[in-house]
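Heads up: the structure comes next, in structure tokens.
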Amino acid sequence: MNDILLLKQGEIVLKGMNRKFFEQKLISNISRRLSRLGKFRIYSVQSTIYAEPQSDDIDMDEAEEIMRKTFGIASISRAAACEKDKDAILATAKEYLCDALLGASSFKVESKRSDKSFPMTSIALSQYVGGELHEAFPHLTVDVHNPELIVHIEVRDYAAYVHANSIPGAGGLPIGVGGKAVSLLSGGIDSPVSTYMMAKRGVTIIPVHFFSFPYTSELAKQKVLDLAEELLDYCGRLTVAVVPFTKIQEAIRDNCPEEFFTVIMRRFMMRISERIAKDNGCGALITGENLGQVASQTMEALAVTNAAVSLPVLRPLIGMDKDDIVAIARKIGTFDTSILPYEDCCTVFTPRHPRTKPPLHEVLEAEKVLDAEALIEEAVMNIEHIKIRKKR
Ligand code: ATP
Ligand code: MG
């Protein structure tokens with residue numbers, strides 16, 4: 001049977017003047033993502049996008065899975081196409097929705113007819129198909145107000161389509177409509193979630209990872225690349241910038257007061273991220289920081305970190321509880337990788353007694369002994385760019 005996907009647009013439909021731009025972006029994201037499965041015809045009618053496979057060998061389960069992780073789509077229905085004839089429609093409903101009809105206790109049929117030359121009205125078609133289905137599946141009751149199953153019929157230009165209840169899509173806005181940002185990606189639980197959350201608002205992501213070999217191992221780096229791969233389905237294309245960070249951390253350890261190690265290190269992370277951001281036309285930085293989680297995430301410490309850069313720093317997790325962050329990490333599939341026990345560079349040279357309220361002027365004074373520009377320049381020169389690809 002010839003399945004197609006009906007993809008309902010979400011928030012985009014609320015956009016006024018920009019709506020066409022948002023919709024075009026969504027269609028091009030959908031086309032690009034589905035193209036690896038084979039040829040699709042993709043078009044939009046009202047606020048629904050249709051994805052029609054152009055050959056029988058296309059894996060539609062996989063197509064549905066890919067669409068479930070595509071931002072900008074509110075819900076997904078898998079529909080069967082058939083001839084525009086009431087009995088062909090009925091036969092399709094019986095066969096295609098057999099499991100759903102057997103599993104439900106109440107149902108109704110809802111028809112839409114954009115092809116006005118179809119000889120029956122929508123109401124007559126619903127009544128006909130509903131009556132016949134009721135006879136074929138006598139355990140069902142008809143409930144027009146609150147049915148467990150709605151059998152949807154759409155009679156369109158080229159064909160009729162039959163589908164059942166839809167499944168929720170990823171929501172959010174299409175990648176590419178929200179600008180571009182550098183996301184600081186560690187191997188922890190938080191930063192994959194913050195990356196996902198900003199991607200969900202349509203932001204194109206450039207992940208940056210600070211790597212302190214040999215204090216952190218190749219396995220720790222691989223873990224970050226694995227997290228990026230898990231985010232790839234949501235974010236679209238990803239190229240991780242791996243910044244060599246060892247020399248900077250050693251310089252801080254050797255020359256700065258221990259109580260400021262972390263906050264000075266974080267200021268270097270921000271400055272290097274800002275350099276990468278500006279080189280790539282990004283408008284913001286993203287971190288997984290969360291108020292009060294650790295000493296470097298008090299309001300005062302965040303202010304000191306912020307003072308190192310001029311770009312806005314987006315912190316989507318700032319006010320969330322850890323439980324809620326973990327729930328998202330589990331939902332998007334990054335949690336199990338995040339809890340693998342490899343060290344992050346933040347846990348190298350951790351001060352025994354970090355200042356929770358570091359005064360900016362003291363931090364600036366402590367930093368003066370370092371040749372920040374030279375250290376940053378050298379790190380940026382040696383960035384490794386790793387394009388993320390799906391393993392399977
Ligand atoms: P996470 O779970 O994301 O590692 P965390 O609670 O462990 O966060 P920190 O280690 O203090 O917090 O880091 C705060 C934020 O700084 C991270 O969410 C991430 O955005 C960024 N960050 C920390 N370490 C790195 C790193 N090695 N490379 C890139 N970004 C990092
Ligand atoms: Mg961390």
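Both counts, for ligands and for their atoms, begin at 1 and track the order of listing. Index from 1, following the sequence. For clarity, every value in this text was computed on a predicted model and none was experimentally measured.
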If we only count N/O pairs under 3.5 Å, is [X] in contact with ligand 1?
| X | answer |
| --- | --- |
| Phe210 | yes |
| Ile189 | yes |
| Pro192 | no |

Is a salt bridge present between [X] and [Y], judged by a nitrogen-to-oxygen distance below 4.0 Å?
| X | Y | answer |
| --- | --- | --- |
| Asp61 | Arg78 | yes |
| Glu300 | Arg355 | no |
| Arg33 | Asp233 | no |
| Lys368 | Glu365 | yes |

Worksheet item: Of all residues at least two apart in sequence or in a different chain, which pass the ring pair (Phe, Tyr, Trp, His ring centres under 6.0 Å) check with Tyr234?
Response: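 Expected list: Phe71, Tyr196.
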
Worksheet item: Can you tell me how far CG of Asn290 sits from CD of Gln297, rounded to the nearest 0.5 angstrom?
Response: 6.0 Å

Could you list which atoms of ligand 1 come closer than 4.0 Å to a heavy atom of [X]?
| X | answer |
| --- | --- |
| Met269 | 24 (N), 25 (C), 26 (C) |
| Gly188 | 1 (P), 2 (O), 4 (O) |
| Val208 | 29 (C) |
| Leu184 | 19 (C), 20 (O), 21 (C), 29 (C), 30 (N) |
| Gln293 | 5 (P), 6 (O) |

Practice prompt. Determine the interplanar angle of the Phe137 and His139 rings, folded into 0 to 90°, and report it as parallel if under 30°, tilted if 30 to 60°, perpendicular if over 60°.
Written response: perpendicular

Worksheet item: Between the candidates Ala329, Gly288, Ala220, which shows the shortest non-hydrogen contact distance to atom 17 (C) of ligand 1?
Response: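 Going through Ala329, Gly288, Ala220 one by one, Gly288 has the nearest heavy atom to atom 17 (C) of ligand 1.
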
Worksheet item: Who gets closest to atom 8 (O) of ligand 1 by heavy atom: Thr195, Leu227, Thr287, Asp190?
Response: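 The option holding the nearest heavy atom is Asp190.
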
Worksheet item: Counting N and O atoms only, with roles assigned by atom type, does the side chain of Ser77 sit under 3.5 Å from a partner on the main chain of Ala79, one being a donor and the other an acceptor?
Response: no

Response to the item:
Contact region, Leu185 to ligand 1, non-hydrogen atoms below 4.0 Å, reads backbone

